[in-house]
Structures are given as C-alpha cells and as structure tokens.
Amino acid sequence: MKKTIIISLALMCLTTMTMAKKEKTVTLKLVETSDVHGAFFPYNFTERKPMQGTMARVSTYLKEQRKLYGKNLILMDNGDILQGQPTSYYTNYVKTDEPNIAAAVINYLQYDAQTFGNHDVETGHAVYDKWIKDLNCPTLGANIIDVNTGKPYVAPYTILQRDGVKIAILGMLTPAIPNWLHENLWKGLRFEEMIASTRKWVKVLKEEEKADLIIGLFHSGWEGGITTEQYDEDATRKIAEQFSDFDVVFFGHDHTERNVTLDNGVLCMDPSCNAVKVAEATIQCTLKNGKWVVTKKEGQLIDVTKEAIDEDYVRHFQPQTDGIKHYIERQIGTFLTTISSRDAFFGSAAFVDYIHQLQLEETHADISLTAPLVFDSEIKAGPVYMSDMFKLYRFENQIYALRMTGREVHQLLELSYDQWVNTMKSPDDHIMLLAPKAPGDNQREGFKNYTFNFDSASGIDYEVDVTKPDGQKVHIKQFTDGRPFDENKWYLVAMNSYRGNGGGELLTRGAGIPMDSIPSRITFMSERDQRYYLTRKIEREGKVEPKALNNWRFVPDAWTKPAIERDRKLIFLNR
C-alpha cells in the first residue's frame, strides 16, 4: 500500500512537470503608426517651425520598448505616409533618384509590415511602385487586385514567428479610391469590398496558415464615409463585429483616436494621425496542450510627443533634411497682404479666391469650385517661399474642368452649404453647423462635417440665406461678368481632381450626376498638380495682392454678421 502511494505521488509529480513543460507564456507588444502624412522629422517644413508629432519621437519610444520586448515587438504602419509635408513632395517628385524618404524612415525603424493608404495611391504608379521596392518590409493589401492576374497587387498578408507564436497580419485598403482618384493613378488595379475580402483571407489564415494570432491592419475608418451598394468607405467596425477571428484590428484613415474592445473580444485601435500618438496592444499568449491561448490583451494609445527627440535618428537623416530645407526656403514672390484660411468659412475670402482665379485661368471655365483644404493657415504679407505653397494648397490634386448644367451647379452648392451652415431659427443660433470635437479629429475641428467639402463658387454672384431650409439656401443671381445664369444651360466648371472624380459626393449626391458618367463630363485635366501652377502664377506675378472677390455672402445681414463673429471666436478659441 505504501509503495503504491509513493508510485502514485511520483506519477503525479511527473505529470505536473510535463504539464509545466508544455505550458509556456509569451508576451508580445504590437505597435501601429497610421496616417503619418510626412511627419518624419521634428521640424514642420510647411510652417517652418518645430513640430510635436514626429517619427523622431516615435524612434525614442521604440528604442525603449525594444529594450523591454526585444524581437517580440512587432511594428506596423497603416498607410498615408507618402503625402502631407514638403518632405514627401520633395522625395516623390523632385529628388527621385534616391530611396523614397518614407521607405527610408520605415527601414531605419525596422517595421515589420506596411499597408497602402488612399493618399499613397494618389501619388501614382511611378511613386508608389518605387516606394514598394525601396521598403525592406512587405507592403500589404489583400483587396488591391491586379486586373491582369486577378491576384493581390502586393502581399495580402505576412506571417511572423515570435517565440513559437505564429502571427498573421492581414492588410487592406478602403475600396473608395475611384471616388477620389482618376484611374490613371491606379491603372491596372481594382479594389475589392473589404468584408468579402476579409472572409476569403481569414479562411486562408485559419485553415491553411494555421495562424495562432490574426491581426488586421486596415486603412479604413471606423464607420460612415461613402456608403454605396458595393462597399463602405469605412468598414472597420463591421469587419471587427463580424469576424471574431481577429485578436486586434489596427486601423486609420479617419484621423480619429479610438481604443475599444468589442463584445466579441476584438480589440480595435486607431492612433489618429501625424505621428502624435501610436496604438499599442500588449498580448500575452500561453501554450496549453499544444495550442496558444490569449490569456491577456490590452490596448493603449501612447502620446509620443512626451518622448525626447532621437538625435541619432536626426543625424542619420541630416543629408535629406538639408536638401528639403534648401528646396522650401526658395523665395517665389511677395504678398502685399496677409491671407488666412479662417476667413474662408465665413464668406468670400482671398485665401480660396486666389485658387479660384488660378482654376479659371488654367481652364477658361465659366465657374470655379473649391474648398478650404486647410483649417487654420496663414500666409503673411512679405516674402512668399516654396514652403508657403503647402499652406496654400495641401494636397497634390490636379485641376479639372467638367461640363455641368446650371441646375447641377446649383444643386452641388446647396449640398455644400447644407453640410457647412446651420439653418438659423433665431438671431442667437449658430451660423456654422457645429459638433463636439472628437479627440484626435483634425479633419472637422469642431464642424459637423469635413471642411474640405465646403465648396464655394467663383464666376457667379450668389447669396446663401441661412434662414432657409436645406436645399433652398443658395440664390444665384447672375454671372459676375453680367451674363444671365440659366439652370438649363451647359457650363464649363473648374474644380480639383478630388472633387472632379466624385470626392465628397458633391457631384453625385449633390449635383445628381451618376458616378459612372462623371468621366465623360471631364474636358480638361492638368498635367501637373495644383501647387505647381500656383507656384508658377506667383512667380509670374512677382508682387501679389490677393483679394476677396466678394461674389457671395451669407444673408440676412442682421442675423449673420453677429453670428459669424460669435462662431469665429468659438471655433478658433485658444488657437
């Protein structure tokens, strides 16, 4: 009996030891940057001043984390990295004989994966194809399909092994690209709806790859955006809710911070933009009976502006920053007056009217449409430098001209102002259509809708009556040159390529033009980007005195003037 007990105890000890050997715990640190928009260095080359959000601070943070986690730190970027600062423009279009600076930064920081953003596609094949080749890590895009092969244009996913844990990272891009960009920029590609693509590739990752962890890396916002019968622009929430197979979904595109765990256990994180914050997930996996089980998972948005600047990083890129500084510090002309984008929200303003004038000059159109593409920017009277062109015009849009009827122009403006201004019921109401500012949301800045869709028009004289209901606010009087405006006649209308391809849905939901008929309306496309022509215009004119054209205004004056003063103070308080 005694001998039996001893043997039993020995077997129990052996079993316990065997189980202990089988159980193993691994901690992984997953870090995402998204929508960096050229914020690579601690210097804002547009504003020509120090910048808080910068990959030079991210570098310091990563060094600290790598001391703690070593190779178990997994680093991902979620796209929109090729556009935003003069840094990007310079390496994309001016200094093209060296590795793309975005790729050089990703390589220096030893990223494990990179996805496409819509603004990366906007640079065109020549730029992004070179960028892909320059990168040391895989570029992911499961739903970016090569029409010739029917297969993904880049890798759909990547597999990483860390201490025995098999990690799959699945990358995707919002399929709304054709709504913003001309096919010339993505020729030979198509963009699959994200939920269908997810269903296909998650099955591969589970059944063929037998991944222990599945991570989503999506350049698509939480929800909303453009919604059609074919796809959602922002599909992250739907995917995370429908596919509990994901352990973490990192996302971006909407520039809005988010850190939420759904009821099905999927952790969803968005660090917003401009290298101000990073999203990090700490995952603890335990090997039990030959299978990895997630025993702990938590996410944080880390404010890296509190980190010190990594001087080694800065020194490494000194040759590139010297070249960029030389490029942006070139004087191209002189402004005799100061212009501010703030003015553009409250009436006819020199800031956008100078762009209107350019578009009319380049296209010889009857009417020009444009919106303020920057929320709060100013170019002071005095010397104008190349850096100021990135304040005046933020994106690398082309100039388009489209055929539109007078009625279509009118309807487009109605939708623009319906998204822009409130319907005032009393003199004390807001004139602007406002909403609480969400953390990290720098696309609305307290407005209810995106300010880059607030189109005004030039070439016609009109009033916007803010006491009228939606769809009845805009009263077009005549053309500025005295011609009568006829809603039944066809006119040539200038706009940027974002709007001209259907961006913001002002042509579709507003003017009522079917998406598939827009290309046939385009009669002019500039060879170069809008900023290039603005630069040439200023160089040609030398001394420039931008003025408001004063061809439109908000009415009635008794209500709108005090309301504008109140809302202007509210919107730009503490800025």
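Just so you know, residue 1 is the first one in the sequence shown, and it goes up from there.
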Assess whether a salt bridge exists between [X] and [Y], defined as any Lys/Arg side-chain N lying under 4.0 Å from an Asp/Glu carboxylate O.
| X | Y | value |
| --- | --- | --- |
| Asp557 | Arg553 | yes |
| Lys473 | Glu414 | no |
| Lys391 | Glu378 | no |
| Arg190 | Glu192 | yes |
| Glu223 | Arg237 | yes |
| Asp343 | Arg568 | yes |
| Asp232 | Lys238 | yes |
| Glu408 | Arg521 | yes |

Taking all non-hydrogen atoms of both residues, which atom of [X] and which atom of [Y] are closest, and how far apart?
| X | Y | value |
| --- | --- | --- |
| Thr467 | Thr423 | O-CG2, 4.0 Å |
| Phe40 | Ser88 | CE1-OG, 4.0 Å |
| Thr174 | Ile177 | O-CG1, 3.6 Å |
| Ser272 | Glu257 | CB-CG, 3.7 Å |
| Asn274 | His37 | OD1-CB, 3.6 Å |
| Asp567 | Ile431 | OD2-N, 2.9 Å |

* Roughly how far, to the nearest 0.5 Å, is CD1 of Ile379 from OG1 of Thr337? -> 10.5 Å
Are [X] and [Y] linked by a side-chain donor-acceptor pair shorter than 3.5 Å?
| X | Y | value |
| --- | --- | --- |
| Gln530 | Glu396 | no |
| Ser368 | Gln359 | yes |
| His219 | Asp80 | yes |
| Asp428 | Ser426 | no |
| Ser458 | His356 | no |

Under 6.0 Å between the ring centres of [X] and [Y]?
| X | Y | result |
| --- | --- | --- |
| Trp180 | Phe395 | no |
| Phe485 | Tyr462 | no |
| Phe375 | Phe572 | yes |
| Phe218 | Phe246 | yes |
| His430 | Trp559 | no |
| Phe390 | Tyr385 | no |
| Phe345 | Phe447 | yes |

* If you draw the axis of the six-membered ring of Tyr89, does the NZ or CZ of Arg531 fall within 45° of it and under 6.0 Å from the ring centre? ->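 Cation-pi check for Arg531 and Tyr89: passes.
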Whether [X] side chain and [Y] backbone form a donor-acceptor pair below 3.5 Å:
| X | Y | value |
| --- | --- | --- |
| Thr228 | Tyr231 | yes |
| Thr508 | Ile513 | no |
| Tyr498 | Gly504 | yes |
| Asn259 | Gly299 | yes |

* To do: Please state whether the rings of Phe452 and Tyr450 are parallel, tilted or perpendicular, taking 30° and 60° as the class boundaries.
  =>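 The rings of Phe452 and Tyr450 lie parallel, inter-plane angle below 30°.
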* To do: Take Asp388 and Lys380 through the salt bridge (Lys or Arg N to Asp or Glu O under 4.0 Å) test and state the conclusion after the steps.
  => CA-CA 9 Å; Asp388 292 315; Lys380 293 185 180 297; over 6 Å; no
